[in-house]
Amino acid sequence: MTPPTVGVLGLQGGVAEHVRLLESLGAGTRLVKRPEDLTGLDALVLPGGESSTIDRLTRLFGLREPLLEAIGSGLPVLGTCAGLILLAAEIEDPAPGQRSLGVLDVAVARNAFGSQVASAEATLAWGGEEADAVRAAFIRAPAVTRVGHGVEVLARHEERVVAVRSGSTLGISFHPELTGEPSVHAELLGMVG
Ligand code: GLN
């Protein structure tokens with residue numbers, strides 16, 4: 001079986017850590033910087049960084065519509081931190097002019113756990129009763145403040161929702177790629193095919 005090829009949006013933010021983690025799980029990777037980089041992908045990661053900058057760059061590089069098309073056609077996607085903000089239907093406190101893709105029916109509040117100095121690691125219970133422990137890093141992390149119909153809550157931190165799934169779209173507030181936590185990326189790879 002040929003390994004899946006996972007695109008990592010490579011415009012800004014923590015790109016290399018996702019590439020490393022995906023490759024450690026046996027996936028091939030490709031940086032996505034232009035629309036044609038989306039062709040033939042099996043899954044996609046939208047990394048953390050600064051969501052308003054990533055938003056601006058996706059529009060500047062002509063990637064907004066191609067991303068909407070790819071995700072709309074069912075490409076499995078994982079958005080982490082700023083990537084979750086990019087996926088969300090609603091941003092409570094956007095930067096001036098900031099837009100999101102609006103493909104995941106949640107509202108998010110940016111920087112909901114405080115500033116950079118409030119960055120923290122935590123172990124989360126992931127996915128219901130027999131929950132797996134997921135090691136997570138929170139860096140200026142958003143929280144999910146509204147969960148739409150058909151959106152499943154996968155994890156909470158300090159009583160706020162920090163991981164959701166809707167169909168083949170996964171959105172998480174935190175950075176598993178910084179703690180070397182493989183399970184979320186493994187779940188993305190499990191959605192392929
Ligand atoms: N607070 C950042 C934003 O609004 C996200 C931080 C992150 O991705 N680590 O984009």
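Because only heavy atoms are used, hydrogens play no part in the values below, and waters and symmetry mates are left out as well, while side chains stay in. Counting convention: from 1, in listed order, for ligands and their atoms alike.
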Asker: Donor-acceptor pair, T179 side chain versus R135 backbone, under 3.5 Å?
Answerer: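 Flag set: sc T179 to bb R135 pair under 3.5 Å.
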Asker: Could you tell me which residues satisfy salt bridge (Lys or Arg N to Asp or Glu O under 4.0 Å) with D105, sequence neighbours excluded, listed by chain and number?
Answerer: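 Counting only residues at least two positions away or on another chain, D105 forms a salt bridge (Lys or Arg N to Asp or Glu O under 4.0 Å) with R146.
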Asker: Answer yes or no: are there more than 12 heavy-atom neighbours, outside R59 itself, under 6.0 Å from its atom CZ?
Answerer: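 Check passes, neighbour count above 12.
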Asker: Look at the aromatic rings of F138 and H157 and report parallel, tilted or perpendicular, splitting at 30° and 60°.
Answerer: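 Rings of F138 and H157: parallel, as their planes differ by under 30°.
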Asker: Give a yes or no on whether a salt bridge exists between R110 and E92, defined as a side-chain N under 4.0 angstrom from a carboxylate O.
Answerer: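 Answer for the salt bridge query: no.
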Asker: Please report the interatomic distance CD1(I139) to CD(E121), rounded to the nearest 0.5 Å.
Answerer: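 The CD atom of E121 is 9.0 Å from CD1 of I139, to the nearest 0.5 Å.
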Asker: Heavy-atom cut-off of under 4.0 Å around ligand 1: list whichever protein residues fall inside it, by chain and number.
Answerer: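 Near ligand 1, by chain and number: G48, G49, E50, S51, C81, A82, I85, R110, N111, I139, R140, H175.
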